[in-house]
Amino acid sequence: MNPSPLLDIIDTPQDLRRLEKKQLPQVAAELREFLLDSVGKTGGHFASNLGAVELTVALHYVYDTPEDHLVWDVGHQSYPHKILTGRKNQMHTMRQYGGLAGFPKRSESEYDAFGVGHSSTSIGAALGMAVADKQLGNNRRSVAIIGDGAMTAGQAFEALNCAGDMDVDLLVILNDNEMSISPNVGALPKYLASNVVRDMHGLLSTIKAQSSKVLDKLPGAMELAQKVENKIKTLAGEAEHAKQSLSLFENFGFRYTGPVDGHNVENLVDVLKDLRGRKGPQLLHVITKKGNGYKFAENDPVKYHAVAKLPSEVPAPEVKPAAAKPTYTQVFGQWLCDQAAADERLVAITPAMREGSGLVEFEQQFPDRYFDVGIAEQHAVTFAGGLACEGIKPVVAIYSTFLQRAYDQLVHDVALQNLPVLFAIDRAGIVGADGPTHAGLYDLSFLRCVPNMIIAAPSDENECRLLLSTCYQANSPSAVRYPRGTGTGATVSDGLETVEIGKGIIRREGEKIAVIAFGSMVAPSLAAADKLNATVADMRFVKPIDEELIVRLARSHDYIVTAEENAEQGGAGSAVLEVLAKHGICKPVLLLGVEDKVTEHGDPKKLLDDLGLSAETIEKRIAGWIKAV
């Protein structure tokens with residue numbers, strides 16, 4: 001007879017803490033089943049959440065949340081946390097417009113101690129909370145839960161360095177699963193991985209083979225030997241892991257505990273109860289398996305890091321039909337391989353975004369010219385600058401939202417020295433379900449003020465290839481920013497042709513109204529222009545901007561409209577206003593961009609419509625504005 005469901009009676013962690021410890025494995029099993037069902041219907045981050053089920057249950061069982069602070073790093077693993085903290089009945093809205101965010105969000109729940117989406121922030125944030133509670137006299141506990149992938153970033157070690165030298169009660173949980181989105185790279189993951197365990201396995205296998213002829217003749221001897229073997233393996237592995245990790249983290253001033261099985265919820269509870277009562281900086285090393293409990297995700301955690309919807313009957317991801325149009329990411333990936341074949345100086349750099357940035361094929365074709373530097377955006381840019389100093393042509397493939405993390409390096413290490421580094425900026429503009437932490441809405445604004453930078457914004461897939469080739473050939477820092485997903489379906493050249501830097505092109509001739517459009521806003525502007533009989537210019541470049549074209553359009557039209565998928569403040573529209581002011585031209589100008597507020601998550605088409613940047617809303621906004629002026 002199956003035990004009565006427990007998850008049904010858990011609405012908050014307070015309900016969880018009323019249970020007996022021996023009931024927690026059942027809670028974890030039901031939570032994993034619920035997670036499979038809910039993500040299977042909505043899609044979302046998958047393997048990371050499956051790997052953190054038992055750890056989440058144990059944390060909420062031991063710690064007095066929300067009084068105690070649980071700070072999740074990145075937030076890919078926060079779905080079990082959301083289920084246990086009053087949001088179980090809202091999981092069907094995950095990552096949908098108006099629904100639950102895909103990451104912890106302070107405005108969503110008092111249990112979300114810190115809003116996240118980028119990696120390696122948890123230790124610093126939890127340390128800040130711990131120090132604040134100490135100064136305020138609050139008897140609270142702060143816990144940072146960080147994966148070994150996020151530990152490859154410098155910010156995590158900056159926080160460790162600071163915390164280890166402070167008289168503060170802080171627990172850092174290192175969730176070690178040998179993965180970030182892709183397999184981890186660098187010296188730290190190798191340091192955490194124990195080779196001794198594999199050596200011990202080989203030694204025990206040899207002993208077992210040599211003695212099997214004797215043991216199999218004794219009743220029960222083989223079973224006893226197997227138990228002894230397993231115990232030796234466990235002890236040897238734990239001892240070696242502890243020895244290696246101890247020397248690293250205790251040198252940072254943390255008291256090290258571990259490694260601990262991250263899927264044994266009852267043992268985790270015992271360990272956490274002990275640690276909650278300790279003083280000073282503590283580090284708990286937990287070993288988990290990404291995708292645990294779902295064999296497809298266990299076997300391929302990269303593919304199952306995030307998924308679309310899962311079928312309700314068959315436990316395998318839905319196979320999407322091949323897209324009729326290539327994505328911008330695929331266009332970049334193919335261009336990169338073609339350009340590398342034509343120029344042996346080209347190297348590609350990614351901060352742990354091989355799949356997302358379209359570099360899988362490049363790595364296969366040019367392994368010696370491919371560099372995954374881990375979750376270390378700052379290092380990626382400075383590393384590229386060093387390569388460029390010696391005549392190499394680096395291409396840094398990076399999301400717009402992650403380039404923000406390396407802004408100082410872009411300015412100080414690349415632009416001020418006028419080094420020819422090409423930044424291929426993916427996910428520019430609205431990104432959809434990932435929401436505001438991943439939206440690429442600021443790059444035009446923060447890049448425009450940087451000296452020596454060339455900034456290009458392609459309007460379709462072929463323009464993307466053209467502008468990548470053009471900027472690659474430039475002898476200065478350059479950036480090509482393109483949106484997530486597919487474009488207009490333009491036929492893409494297989495050549496490496498270039499265009500003139502700083503020159504736009506007229507896509508439609510009209511009367512009275514001139515729409516000066518940038519990148520992804522060219523297509524909806526053209527659709528709106530058909531109803532308004534407006535001229536549409538595809539500017540191609542935000543910097544250097546085509547002053548001659550802007551002046552000509554301003555003098556031959558009554559109204560000027562700018563359109564960009566970027567923040568209005570300091571963006572491409574601002575560049576147009578600067579040109580008009582420079583030439584003493586006074587005309588009515590309407591700036592169409594993202595207004596000064598945080599965007600939400602949801603379907604990109606819905607978001608663009610709400611922001612007034614769809615074809616229909618652009619046409620209505622222009623028509624209404626003209627009537628008003």
Side-chain angles (χ1 to χ4, degrees), residues 11-13 31 34-35 38-39 41-46 48-49 52-53 55-56 59-60 63 65-129 132 140 142-147 150 155 173 175 181 305-306 399-402 404-405 427 430-442 484 567 594-604 606-607 610-611:
D11 292 322
T12 67
L31 181 54
F34 185 91
L35 184 64
S38 64
V39 177
K41 292 175 181 177
T42 64
H45 293 107
F46 191 60
S48 302
N49 287 295
V53 168
L55 179 59
T56 305
L59 282 166
H60 279 294
Y63 284 86
T65 54
E67 290 300 306
D68 290 336
H69 313 295
L70 300 184
V71 182
W72 302 93
D73 209 282
V74 186
H76 288 155
Q77 77 285 54
S78 65
Y79 294 11
H81 161 78
K82 293 192 179 221
I83 294 169
L84 292 176
T85 54
R87 287 166 278 183
K88 179 174 57 182
N89 295 330
Q90 297 172 272
M91 289 298 289
H92 67 281
T93 70
M94 177 62 67
R95 291 159 53 90
Q96 299 172 26
Y97 186 80
L100 293 180
F103 304 93
K105 187 176 181 181
R106 282 171 54 84
S107 61
E108 184 178 286
S109 171
E110 62 179 337
Y111 291 93
D112 292 355
F114 197 72
V116 290
H118 292 182
S119 88
S120 315
T121 62
S122 61
I123 303 175
L127 175 61
M129 293 173 187
R140 296 176 175 178
S142 293
V143 182
I145 306 100
I146 184 169
Q155 184 176 0
I173 297 179
N175 182 16
I181 295 177
H305 169 74
Y399 289 8
S400 173
T401 185
F402 298 145
Q404 296 165 185
R405 312 190 90 191
R427 270 66 165 178
I430 295 296
V431 294
D434 281 340
T437 58
H438 286 59
L441 296 175
Y442 315 109
R484 183 176 190 171
V594 178
E595 60 183 270
D596 189 20
K597 70 175 184 179
V598 175
T599 59
E600 293 303 317
H601 61 274
D603 178 75
K606 170 65 175 171
L607 293 174
D610 284 356
L611 292 168

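With hydrogens and angles ignored, the 3.5 Å screen pairs a side-chain donor or acceptor of D73 with a backbone N or O of S120. Of the possible donor and acceptor atoms, one in the side chain of N49 sits under 3.5 Å from a partner among the backbone N and O of S78. In this structure, H601 contributes its side chain and G99 its backbone to a donor-acceptor pair below 3.5 Å. Side chain of S38 to backbone of H92: no donor-acceptor contact under 3.5 angstrom is found. Under the 3.5 Å distance criterion, the side-chain polar atoms of E108 are matched with a main-chain donor or acceptor of A101. Judged purely by atom type and a 3.5 angstrom limit, D68 has no side-chain atom pairing as donor or acceptor with the backbone of Y63. No donor-acceptor pair closer than 3.5 Å links the side chain of R95 to the backbone N or O of L100. Side-chain atoms of H118 come within 3.5 Å of backbone atoms of T437 as a donor-acceptor pair (strictly under, hydrogens ignored).
Annotation: the span from F114 atom CZ to M129 atom CE amounts to 6.0 Å, rounded to 0.5 Å. Interatomic distance, T56 OG1 to Q77 CD, rounded to the nearest 0.5 Å: 7.5 Å. Atom CD1 in I83 sits 7.5 Å away from atom CE in M94 (nearest 0.5 Å). One distance of note links NZ of K82 with NZ of K105; it measures 8.5 Å at 0.5 Å rounding.
Side chains of V116 and S122 form no contact here, defined as non-hydrogen atoms less than 4.5 Å apart. No side-chain heavy atom of Y111 sits under 4.5 Å from any side-chain heavy atom of L84. Side chains of L441 and I430 form a contact here, defined as non-hydrogen atoms less than 4.5 Å apart. Residues T401 and R427 form no side-chain contact, since every pair of their non-hydrogen atoms from C-beta on lies 4.5 Å or further apart. With contacts defined as side-chain heavy-atom distances shorter than 4.5 Å, the pair W72/N175 does not qualify. Using a 4.5 Å heavy-atom cutoff, the side chains of S119 and R405 are in contact.
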Go through the steps for H60 and T85 under the test side chain to side chain donor-acceptor pair (under 3.5 Å), then give the verdict. CA-CA 9 Å; H60 279 294; T85 54; 5.5 Å; no

Residue pair D610, Y97: steps toward the side-chain contact (heavy atoms from CB on, under 4.5 Å) verdict: CA-CA 11 Å; D610 284 356; Y97 186 80; 2.4 Å; yes

After noting the C-alpha distance and the side-chain angles of D434 and R484, does the key distance pass the side-chain contact (heavy atoms from CB on, under 4.5 Å) rule? CA-CA 12 Å; D434 281 340; R484 183 176 190 171; 3.7 Å; yes

Could you check I173 against L55 for side-chain contact (heavy atoms from CB on, under 4.5 Å), going step by step and ending with a plain yes or no? CA-CA 10 Å; I173 297 179; L55 179 59; 4.2 Å; yes

Output, in order, the C-alpha distance, side-chain angles, deciding distance and verdict of side-chain contact (heavy atoms from CB on, under 4.5 Å) for R87 and S109. CA-CA 9 Å; R87 287 166 278 183; S109 171; 3.4 Å; yes

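Using a cut-off of 4.0 Å between Lys/Arg side-chain N and Asp/Glu carboxylate O, E600 and K606 are scored as not salt-bridged.
Closest approach of L607 to G602, counting heavy atoms only: CD1-O, 3.6 Å. For the pair P104 and D112, the tightest heavy-atom approach, listed with the atom from each and the gap, is CA-OD2, 3.5 Å.
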